[in-house]
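Only one structure is covered here, and it is reproduced in the block below.
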Amino acid sequence: MKKIAVVGAGISGLSMANYLEKHKIDYHIYERRKKEDLAGHGFLIPQEGMDYLYQIIDSELLLQHGNFLKKYIQYSHTGKILAEKELNNVFAISRHSLINLLAQNIAPEKITYEETIIPDEQQDGKLKLSDGTDIDADIAVISDGSRSRIRRSLFKNETMRMVRESEVVNIIQNKAIADAIDNDFMKFHHEEGGLTFGILKLADDTVLWYSQFDNQKYMINECSAENLKKYMVDVFKNWHPLVPEIIQKSHYNNVHLWNVYELEELNPFYKNNVVFIGDAAHPLIPFTSQGVTSALKDSFSLTKYLVEEENTETAFNKYETERKPEIEFHIRNGRTLLKQFLLPLHQQTENILPISYK
Ligand SMILES: Cc1cc2nc3c(=O)[nH]c(=O)nc-3n(C[C@H](O)[C@H](O)[C@H](O)COP(=O)(O)OP(=O)(O)OC[C@H]3O[C@@H](n4cnc5c(N)ncnc54)[C@H](O)[C@@H]3O)c2cc1C
């Protein structure tokens, strides 16, 4: 069996490594950040994603690290209930916990941290270590995220654009607030559209919150980290009291402001001996909540075809044929959810769930 280099140790790279490990295929992962830097906030994972996770993580252990959400409740910004929907096994987990669980099955000698992989601009498909040495592998699986430098070096004509939504994500450690939220996923919406505040419990004393801004209406991108809290306090001051309370009581040392990007058109998922998975193949906007599930399905499908097919190109082709239509569906759905978000509440008609389902 061929030797595989995996670039990036996010959810896609680590899940790929887990599937390769299951099939005893030789691989090495390279990650540009430090092991302890790989923290982050949290994910919503629908049932389908959980089914893929159960194949590589002990289910009892996985369930100890997160929380099933029972109900999605959509509120106006002042707290009037607009709609409710039962959630069918949607799991909430911190990124940090999921990364640790995925990394625990990987032997330390199979992963190198603080190693940035560089595309060789002279030779399509050749990758180098930061010291200029060629990477010793037959196949490169690229999972270096939505703004993949390796993808851009292979597909020079791609167009990436910033999405008309930015997100502030943070975590608050507060048992009383976590108890009050229980297992509900609460999301508050401004009547005029383009502004929301979502809350969900990750653990007994830990709550994830995120706020989505129409970045043409709200100048959130121009805020420095230290001004973010002031801006949030001001924008949300007249909302349901739970919202300003959470904003006030949170620490801002780990707050993150996400600018979201998407590809105008998807590239092929492979070229020569290089194949892309997860956000590197197909950035998905957060409205879909399908980033993790898609990353897991990509790694599962690619591993399956690498095992079944002698010829690498046939394996890549079957992987792309299986995965691309579903990704295109989520991209279209994500764009519909974005349009809804930008509209005033009374004009929002479609799918109240902040998840793209097939
Ligand atoms: C605000 C926000 C909220 C989201 N919420 C959800 C949600 O609720 N549910 C969900 O399913 N998804 C969600 N997503 C999407 C989800 O985060 C991603 O789809 C998912 O994490 C897949 O990531 P990945 O492993 O493909 O890429 P990443 O997580 O970006 O990982 C890429 C890794 O590659 C490393 N890297 C980059 N370049 C190099 C290089 N040259 N050499 C070596 N290493 C490199 C990076 O350091 C990083 O560790 C959200 C995204 C955002 C922005």
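We use all heavy atoms of the structure for the numbers below, so side chains are in, but hydrogens, waters and symmetry mates are not. Keep in mind it's a predicted model, so treat the numbers as computed, not measured.
Other residues, nucleotides and ligands contribute more than 12 heavy atoms inside 6.0 Å of the CG atom of Asn227. Applying the 6.0 Å contact sphere to CD of Glu121 captures more than 12 heavy atoms from other residues, nucleotides or ligands. Shown here is Glu265, whose CD atom has no more than 12 heavy atoms of other residues, nucleotides or ligands within 6.0 Å. Within a 6.0 Å sphere centred on NZ of Lys324, other residues, nucleotides and ligands contribute more than 12 heavy atoms. A 6.0 Å sphere centred on NZ of Lys339 holds no more than 12 heavy atoms belonging to other residues, nucleotides or ligands. The number of heavy atoms from other shown groups lying within 6.0 Å of NZ (Lys70) does not exceed 12. More than 12 heavy atoms of other residues, nucleotides or ligands lie within 6.0 Å of NE2 in His256, so this atom counts as buried by the packing criterion. Other residues, nucleotides and ligands contribute at most 12 non-hydrogen atoms within 6.0 Å of the NZ atom of Lys318.
For the atom pair CG of Asp26 and CG of Asp138, the computed distance is 9.0 Å after rounding to the nearest 0.5 Å. Here the CG atom belonging to Leu337 is positioned 11.0 Å from the CG atom belonging to Leu342, to the nearest 0.5 angstrom.
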>> side-chain hydrogen bond (donor to acceptor under 3.5 Å, both in side chains), that's the test. Do Asn67 and Asn183 meet it? Break it down for me.
In response: CA-CA 8 Å; Asn67 193 34; Asn183 290 324; 3.0 Å; yes

>> Evaluate Val90 against Tyr72 for side chain to side chain contact (heavy atoms under 4.5 Å, CB included), listing each step before the verdict.
In response: CA-CA 10 Å; Val90 174; Tyr72 174 65; over 6 Å; no

> What's the verdict on ring-ring contact (aromatic ring centres under 6.0 Å, His included) for Phe341 and Phe287, showing C-alpha distance, side-chain angles and the deciding distance?
Replying inline: CA-CA 9 Å; Phe341 158 79; Phe287 287 108; 5.2 Å; yes

>> Between Ile56 and Ser15, does the side chain to side chain contact (heavy atoms under 4.5 Å, CB included) criterion hold? Intermediate values first, please.
In response: CA-CA 8 Å; Ile56 44 181; Ser15 61; 4.1 Å; yes

>> Using side chain to side chain contact (heavy atoms under 4.5 Å, CB included), reason through Thr78 and Phe188 one step at a time and then give a plain yes or no.
In response: CA-CA 8 Å; Thr78 51; Phe188 296 84; over 6 Å; no

>> Leu98 vs Ile45, test: side chain to side chain contact (heavy atoms under 4.5 Å, CB included). Steps then yes/no.
In response: CA-CA 11 Å; Leu98 188 54; Ile45 306 182; 3.9 Å; yes

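When ring centroids are compared, Phe300 and Tyr19 come within the 6.0 Å threshold. Ring-centre distance between Phe197 and Trp239: not below the 6.0 Å cut-off.
With a 4.5 Å cut-off between side-chain heavy atoms of Ile, Leu, Val, Met, Phe, Trp and Tyr, the cluster of Tyr30 takes in Val7, Ile117, Leu127, Leu129, Ile135, Ile142, Ile150, Leu154, Phe155, Val274, Phe276. Membership of the apolar cluster around Leu345 extends to Leu82, as traced through chained side-chain contacts below 4.5 Å between ILVMFWY residues.
At a cut-off of 3.5 Å, with distance as the only test, no side-chain donor of Lys201 or Thr206 sits close to an acceptor on the other residue. For the residue pair Thr314/Glu309, the side-chain donor-acceptor check at 3.5 Å is not satisfied. Residues His282 and Asp298 bring a donor and an acceptor atom of their side chains to less than 3.5 Å of each other. Using modelled atom types, one finds no donor on one side chain facing an acceptor on the other under 3.5 Å when comparing Lys249 with Gln173. Side chains of Asn215 and Ser166: a donor on one and an acceptor on the other come within 3.5 Å. A donor-acceptor pair shorter than 3.5 Å cannot be found between the side chains of Thr112 and Glu31. Checked by atom type, the side-chain pair Glu21/Tyr27 shows a donor-acceptor distance below 3.5 Å. Side chains of Glu313 and Asn317: no donor on one and acceptor on the other come within 3.5 Å. Residues Gln348 and Gln340 have side chains that never bring a donor and an acceptor to within less than 3.5 angstrom of each other. No side-chain N or O of Asn254 forms a donor-acceptor pair with one of Asn170 less than 3.5 Å apart.
Counting only distance, with no hydrogens or angles, the side chain of Lys126 and the backbone of Asp134 share no donor-acceptor pair below 3.5 Å.
Using a cutoff of 4.0 Å between basic side-chain nitrogens and carboxylate oxygens, Glu262 and Arg161 are scored as salt-bridged. Comment: Lys71 engages Glu84 in a salt bridge, judged by a side-chain N to carboxylate O separation of less than 4.0 angstrom. Salt bridge status for Asp204 with Lys175: absent, with no side-chain N to carboxylate O gap under 4.0 Å. Using a 4.0 Å cut-off between charged nitrogen and carboxylate oxygen, Arg151 and Glu158 count as a salt-bridge pair. A salt bridge between Glu328 and Arg332 is absent, with no side-chain N of the basic residue lying under 4.0 Å from a carboxylate O of the acidic one. With salt bridges taken as basic N to acidic carboxylate O contacts below 4.0 Å, none links Glu114 and Lys35. Remark: Glu326 engages Lys297 in a salt bridge, criterion side-chain N to carboxylate O under 4.0 Å.
Both Leu53 and Phe43 are assigned to one and the same hydrophobic cluster, defined by single-linkage of ILVMFWY side chains at heavy-atom distances under 4.5 Å. Ile247 and Met219 fall into different hydrophobic clusters, defined by Ile, Leu, Val, Met, Phe, Trp and Tyr side-chain heavy atoms under 4.5 Å apart, directly or through other members.
Because its NZ or CZ atom is both nearer than 6.0 Å to the ring centre of Tyr261 and within 45° of the ring axis, Arg147 counts as a cation-pi partner of that residue.
In this pair, Tyr75 and His240 present their aromatic rings tilted. The plane angle is within the 30 to 60° band.
Qualifying side chain to side chain donor-acceptor pair (under 3.5 Å) partners for Asp131, counting only residues two or more places apart in sequence or in other chains: Thr133.
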